[in-house]
Amino acid sequence: MANLIQMAREEIAALIERAYQSAVQEGLLPSGVQVAGKVEIPKESKNGDYASSYALAAAKPLNKKPRELAELILAHLSLEGSGFERVEIAGPGFLNFYLGAAWYGKVLSAIEREGAAYGASDMGKGARVMVEFVSANPTGTMTIGNARGGVLGDATAAVLERAGYEVHREFYVNDAGNQVEMFARSLEARYLQLLQGEGAAEIPEDGYHGEDIKELAQRFFEIHGDAFLSADPARRREEMRRFGLSHNVEKMKTDLSRYGIHYDQWFLESSLYESGYVEETMQLLTDAGHTYEKEGALWLCNTAFGADKDEVLRRSNGLYTYYAVDIAYHRNKFCVRGFDKVIDVLGADHHGHAVRFAATMTAPELGMEDKTLDFIIMQLVQLLQDGKEVKVSKRSGKSITLSDLLDEISVDAARFAFNAKPTNHLIFDLDIAVREDSENPVYYIQYAHARICSLLTRLQEAGYAVPAAEAINPALLCAPEEKALIKTLSQLPEEIHFAARDYDPSRINRYLVALAGDFHRFYNACRIQGEEQPLLLARLKLAESVRAVLKNGLDLLGISAPEAM
RNA sequence: GCGCCAGUAGCUCAGUAGGAUAGAGCAACUGCCUUCUAAGCAGUAGGCCAGGGGUUCGAAUCCCUUCUGGCGUGCCA
């Protein structure tokens, strides 16, 4: 699990610390001054492979001019036995370090040795983390927003797994409560309309008016005929509810699976009612004195925990609210199932809920006050077609569903496009996503992979096998394009580390674009076939390493790595 | 009103807990295939990092403030 970048950073920090101590010994600098000089990778390689701002940061506490201090450090700095071959002072006092050839060889060795695990770390130390995502209401079809949430959640989970967490992917099925009741009533109305004409029944005011409800009623009719026409309405609705939910949940499972998303668990909201856990949780809050009754409803005194308003837990009609069940659900995640950390991926329209729920979490009686619940709030997706915004409206039936989308564009393109940026506002341009050409960056990456595969085949036919990392001379890989490429290869572990830390898997997309770009530039500048054997073998090894890392990253994102295009 | 997210090239976006001359991709223009995939590469052009203050050696980045946009502030989920 080599993070060669981090190792290089630590090495530089140690080299400077040693130089500082050595200057102290000679009485040139005061002792005991702790300065955390930052080691960074300069934007331009002419400023070194790594640069330390130590002299800039330490100038004041050491009472020296930055440039002067840098000279002093440099004079006491020994690169003997380090991965660096050269260090110099530049600009206002940066210490710029240049890597030696052996370091480049180490990168290729690490990729070879670690294989598909390259980039992994033990950051999570095996902690059990649940990522709950999509959790679309089973009263309808999944939207573009769910498509984004699916990719974001799945990719975040993948990145956390690679970073050493034990990850559990969960879909929360809202198969109980008010919305489901509305769903059943809407279905019932459509069923009755089907049998007795439009005027026979009316969809409830807050019901579901979409075409999908009509279709579901039609299917129900095809199976049961008019058997439920004269049945007890409560029984009829129960039957239709069950039918509708199971149909919709199956559809979601199918669509998500087609999308490459597989859950460890589909958790039923209804199970929280059945186990009495909702009731128990409410009792807990009531016993603790955190609730009050007002106008026939039971309220949670959430302002006592710092929220901006109180929440209704039980409506005056006796039904529990989403909020109440959500408290029970999160208690279940932490206290029953024992997750160390829980991440909820939510749409921006739920951010208010996230803020208020965080307040509720601090109620000590719930047993979650010291637990980690993180929210990934993604801004809404704006859909663009023919350069114009497509208004998403469930009611008008104009919304584009996840399965519509997958009929239009490849899973690879969708997974890439929805992970193209962090959680902020995303503009999804259908016209670009549909295109299978260079306008679509996913093909840029896949093309690099396919190009290398073809290259490897050609060389194999010519009798050259990919050598072991130990067998090549890394000093031969000295062209700027080769060095840049290897440095980018070395960055995957760091990228995964940051992606896991910040819950930002879109870093991997950007990383892969950069890696593909570095490869294409290398490919253009450096030939392989026809070179002297040592150089040919070194470059062959480099190409194979790039292929492996591209595959590695694409796998992480659930995107295919084609061998030919 | 209050809260959350945002404002960087014509468009879509990066900018790795403050670093050196602000970067990609697309679109535009100019070149590069008799040799490993041109779905590629090289180059040109394109910027008051929304505006204004502050913090310091140094700010797109941190603080304050104004403006603009999206979302939230339901006995909806």
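The sequence lines fix the lettering, A, B, ..., with proteins before strands; numbering per chain opens at 1.
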Separation of G40(B) C1' from Q446(A) CD (nearest whole Å)
15 Å

Answer yes or no: does atom CG of D349(A) have more than 12 heavy-atom neighbours from other residues, nucleotides or ligands under 6.0 Å?
yes

What's A543(A) touching, base or sugar-phosphate or nothing? Going by heavy atoms closer than 4.0 Å.
nothing

Partner nucleotide, any strand, of G23(B) [Watson-Crick/G-U, under 3.5 Å]:
C13(B)

Report the residues that fulfil ring pair (Phe, Tyr, Trp, His ring centres under 6.0 Å) with Y322(A), sequence neighbours left out, ordered by chain and then residue number.
H353(A)

Just checking A448(A): base, sugar-phosphate only, or nothing, at a heavy-atom cut-off of under 4.0 Å?
nothing

Check whether any side-chain N or O of Y444(A) sits under 4.0 Å from OP1 or OP2 of C41(B), and answer yes or no.
yes

Residue set satisfying side chain to side chain contact (heavy atoms under 4.5 Å, CB included) with L476(A), at least two apart, ordered chain then number -> N473(A), P534(A), L535(A)

Taking the same atom, C1', in U8(B) and in U68(B), what whole-Å distance lies between them?
15 Å

Return the nucleotide paired to A42(B): Watson-Crick means purine N1 to pyrimidine N3 with N6-O4 or O6-N4, wobble means G-U with N1-O2 and O6-N3, both under 3.5 Å.
U30(B)

Rounded off to whole Å, could you give me the CD-to-P distance for the Q379(A) and C5(B) pair?
9 Å

Select base, sugar-phosphate, or nothing to describe what A420(A) touches, counting heavy atoms under 4.0 Å on all strands.
nothing

Glycosidic class, syn or anti, of C29(B) using a 90° window around 0:
anti

Rounding to an integer number of angstrom, what distance separates G19(B) and G58(B) when you compare their P atoms?
14 Å

Using a 4.0 Å heavy-atom cut-off across all strands, classify N96(A) as base, sugar-phosphate, or nothing.
base

With sequence neighbours left out, the residues meeting side chain to side chain contact (heavy atoms under 4.5 Å, CB included) with A147(A) are Y259(A), L402(A), L405(A), F418(A)

C62(B) versus C71(B) - spacing of their C1' atoms, nearest Å:
26 Å

Using a cut-off of 4.0 Å on non-hydrogen atoms, how would the nucleic acid contact of Q460(A) be classed: base, sugar-phosphate, or nothing?
nothing

Within a 6.0 Å radius of atom CD on E88(A), are there more than 12 heavy atoms belonging to other residues, nucleotides or ligands?
yes

Taking the six-membered ring for Trp, does Y523(A) stack with G40(B) (centroid gap under 5.5 Å, planes within less than 30°)?
no

Rounded to the nearest Å, what distance is computed from the CG atom of residue N419(A) to the P atom of nucleotide A14(B)?
12 Å

When you get a sec, tell me which of C36(B), A39(B), A42(B) is the closest nucleotide to the side chain of M565(A)?
A39(B)

In terms of the angle between their ring planes, are W299(A) and Y292(A) parallel, tilted or perpendicular, with boundaries placed at 30° and 60°?
parallel

Tell me which residues in residues 506-513 of chain A put a heavy atom below 4.0 Å from RNA chain B, sorted by number, or none.
R507(A), R510(A)

State, without any angle test, whether S506(A) and R510(A) hold a side-chain donor-acceptor pair at a distance under 3.5 Å.
yes

Should A17(B) be called syn or anti, with syn set as within 90° of 0?
syn

Judged by modelled atom types alone, do D344(A) and H330(A) share a side-chain donor-acceptor pair under 3.5 Å?
yes

How long is the line joining CZ of F519(A) and P of A24(B), in whole Å?
20 Å

How does protein contact run along nucleotides 72-77 of chain B, one letter per nucleotide 5' to 3', with B for base contact, S for sugar-phosphate only, - for none, heavy atoms under 4.0 Å?
SSSBSB

Sugar-phosphate only, base, or nothing, as touched by R67(A) at under 4.0 Å among non-hydrogen atoms
nothing

Quick one: salt bridge (Lys or Arg N to Asp or Glu O under 4.0 Å) partners of R501(A), sequence neighbours excluded?
none

Hey, could you give me each pair passing salt bridge (charged side-chain N to carboxylate O under 4.0 Å, His left out) that has a residue in residues 511-537 of chain A? Not counting sequence neighbours.
D518(A)-R521(A), E531(A)-R539(A)

Assert: residue with more 5' nearest nucleotide on RNA chain B, out of L459(A) and L95(A), is L95(A)

Could you check S454(A) against E494(A) and say which one's nearest nucleotide on RNA chain B is further toward the 5' end?
E494(A)

Are Y208(A) and Q179(A) close enough that a side-chain donor and a side-chain acceptor fall under 3.5 Å?
yes

Using a heavy-atom cut-off of 4.0 Å across all strands, would you classify C526(A) as base, sugar-phosphate, or nothing?
base

For A55(A), which residues count as a side chain to side chain contact (heavy atoms under 4.5 Å, CB included) partner, sequence neighbours excluded?
L69(A), A70(A)

Sort out the partner of U73(B) for me: Watson-Crick or G-U wobble, both distances under 3.5 Å, none otherwise.
G1(B)

Watson-Crick or G-U wobble mate for C49(B), both contacts under 3.5 Å:
none

Tell me, please, which residues at least two apart from F133(A) pass ring pair (Phe, Tyr, Trp, His ring centres under 6.0 Å).
Y263(A)

Spacing of the C1' atoms in A39(B) and C26(B) (rounded, Å)
14 Å

Can you measure F418(A) atom CZ to U12(B) atom C1' for me and round it to whole angstrom units?
15 Å

In whole Å, what separates the C1' atom of G10(B) from that of A28(B)?
10 Å

According to side chain to side chain contact (heavy atoms under 4.5 Å, CB included), who are the partners of T291(A), at least two apart in sequence or on a separate chain?
L285(A), T286(A), L298(A), L313(A)

Distance between the C1' atoms of C63(B) and C76(B), in whole angstroms?
38 Å

Using atom OH of Y50(A) as one end and atom C1' of U16(B) as the other, report the distance to the nearest whole Å.
12 Å

Given the C1' atoms of C13(B) and A6(B), what is the spacing between them in whole Å?
13 Å

When we call it a touch if two heavy atoms are under 4.0 Å apart, what does L313(A) touch: a base, just sugar-phosphate, or nothing?
nothing

How long is the line joining CG of L537(A) and C1' of C36(B), in whole Å?
15 Å

Applied to residues 485-494 of chain A, the salt bridge (charged side-chain N to carboxylate O under 4.0 Å, His left out) test, sequence neighbours excluded, yields R9(A)-E494(A), D49(A)-K487(A)

Ranking U37(B), A42(B), C5(B) by distance to the side chain of R521(A), first place goes to A42(B)

Table of protein N/O atoms under 3.5 Å from nucleotides 58-60 of chain B N/O atoms:
none

Taking only the C1' atom of each, what is the distance from U44(B) to C57(B) in whole angstrom?
37 Å

For atom CZ of F375(A) and atom C1' of G3(B), their distance in whole Å
15 Å

Per atom distances to the E40(A) side chain, the nearest of G19(B), A20(B), G40(B) is G19(B)

Using purine N1 to pyrimidine N3 plus N6-O4 or O6-N4 for Watson-Crick, or N1-O2 and O6-N3 for G-U wobble, each under 3.5 Å, what pairs with A6(B)?
U68(B)

Check for me whether the distance between the ring centres of F305(A) and H290(A) falls short of 6.0 Å.
yes

Mind checking if A90(A) touches a base, just sugar-phosphate, or nothing, with heavy atoms under 4.0 Å?
base

